[in-house]
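Take a look at the structure set out below.
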Amino acid sequence: MDALIIALPGILIAYGVFVMGMFSPGPNILSIMGTSMGVGRDAGKSLALGIASGSLIWGLLAWGGLTTVLVAYASLMTIIKIAGAAYLLWLAFKSFRSAMSQRDLTAKALSLNGGASAYYRRGLLIQMTNPKAALTWTVTISLGLSPDSPWWIGGIIVLGTGFISFGGHMAYALAFSTKPMVAGFTRARRWIETGLGMFFCFASYKLVTTRA
């Protein structure tokens with residue numbers, strides 16, 4: 001219990017980074033939005049389940065990989081955290097740049113044959129071939145881990161973010177099957193991306209200053 005209390009601030013920040021990342025439209029989110037709008041809610045939900053499954057796999061890989069590294073080379077945690085902080089700053093820069101741009105939200109529908117299973121497989125493929133997913137998961141896990149963390153702390157992070165991933169991606173599929181939601185998101189895009197940039201800056205700072 002003491003280990004959980006000590007790790008709790010890092011775990012909560014890790015959850016926060018993961019949630020904020022889901023608000024930042026990438027190939028996975030845009031594909032869900034476009035498919036839900038252009039093909040239908042059921043197709044969007046199947047695609048979302050595949051993407052969420054891929055996200056969970058990345059989480060398990062990141063957890064196992066970082067745990068193995070820390071057991072062998074605890075001093076590498078500092079390097080991992082510095083690299084993760086730099087990546088978060090890059091995400092912040094991209095969010096601020098996007099907030100200042102005039103671009104419109106571009107979401108393309110995926111039209112596939114094969115029913116729900118085809119959309120599930122495509123969602124899984126999209127997420128497993130997304131390098132941003134691997135980097136985001138490495139940062140997320142490292143936010144809650146330190147060289148002396150019990151192995152199960154990473155499990156709590158993966159389990160919690162797994163629930164967030166499935167719930168969040170399904171929410172996108174349901175919400176963006178309606179055009180008014182897309183219009184509202186587009187109008188609020190600049191405010192959302194400015195907030196994301198500020199949060200990523202904060203998370204970068206916490207990553208290099210908390211139990212580094």
Side-chain angles (χ1 to χ4, degrees), residues 4-30 32-33 51-52 55 58-59 61-63 65-66 69-70 75-107 127 130-147 149 153-154 156-158 160-165 167-169 171-172 175 184-212:
L4 179 60
I5 293 174
I6 293 172
L8 187 59
I11 293 173
L12 294 178
I13 294 175
Y15 288 166
V17 167
F18 192 81
V19 170
M20 292 300 103
M22 290 188 63
F23 276 101
S24 179
N28 51 347
I29 300 301
L30 290 175
I32 293 173
M33 292 165 58
I51 289 173
S55 183
W58 274 122
L61 292 173
W63 175 29
L66 279 182
V69 167
L70 291 180
S75 61
L76 285 180
M77 191 56 169
T78 299
I79 298 175
I80 293 171
K81 288 197 170 188
I82 291 173
Y87 176 64
L88 286 171
L89 287 177
W90 169 245
L91 292 181
F93 168 74
K94 289 181 64 178
S95 295
F96 288 135
R97 183 179 62 182
S98 180
M100 292 186 292
S101 72
Q102 299 289 335
R103 67 173 178 81
D104 293 326
L105 190 66
T106 303
Q127 192 69 350
N130 183 6
K132 179 183 175 183
L135 291 171
T136 300
W137 264 108
T138 301
V139 172
T140 299
I141 294 294
S142 63
L143 277 164
L145 291 182
S146 66
S149 294
I153 293 294
I156 290 175
I157 297 173
V158 172
T161 49
F163 281 114
I164 293 171
S165 178
H169 285 101
Y172 266 112
F185 185 90
T186 301
R187 287 193 298 269
R189 177 185 62 82
R190 289 189 173 185
W191 291 102
I192 292 172
E193 290 177 335
T194 299
L196 288 173
M198 295 173 65
F199 185 85
F200 286 138
C201 286
F202 167 75
S204 178
Y205 167 77
K206 293 298 291 183
L207 185 57
V208 296
T209 59
T210 302
R211 295 181 292 121

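Annotation for Phe96 and Cys201: closest pair CE1-SG, 4.0 Å, computed over non-hydrogen atoms. Of all non-hydrogen atoms in Thr161 and Trp137, the two that sit nearest each other are OG1-CH2, 2.7 Å. Across all their heavy atoms, Val158 and Gly59 have their closest contact at CG2-O, 3.5 Å. Minimum interatomic distance between Ile141 and Gly154 (heavy atoms only, all atoms of both residues): CD1-O, 4.3 Å. The two residues Gln127 and Ser55 come nearest to each other via the heavy atoms CG-N, 3.4 Å.
Every residue two or more places apart in sequence or in another chain that forms a side-chain contact (heavy atoms from CB on, under 4.5 Å) with Ile164 is listed here: Tyr15, Phe18, Val19, Met22. Partners of Phe93 under the side-chain contact (heavy atoms from CB on, under 4.5 Å) rule, at least two apart in sequence or in another chain, are Trp90, Arg97. Partners of Phe202 according to the ring pair (Phe, Tyr, Trp, His ring centres under 6.0 Å) rule, which considers only residues two or more places apart in sequence or in another chain, do not exist here.
Interatomic distance, Tyr172 OH to Ile51 CD1, rounded to the nearest 0.5 Å: 11.5 Å. Within the model, atoms OG1 of Thr140 and CD1 of Ile11 stand 12.5 Å from one another, a figure rounded to the nearest 0.5 Å.
Thr194 contributes a side-chain N or O that, together with a main-chain N or O of Arg190, makes up a donor-acceptor pair within less than 3.5 Å.
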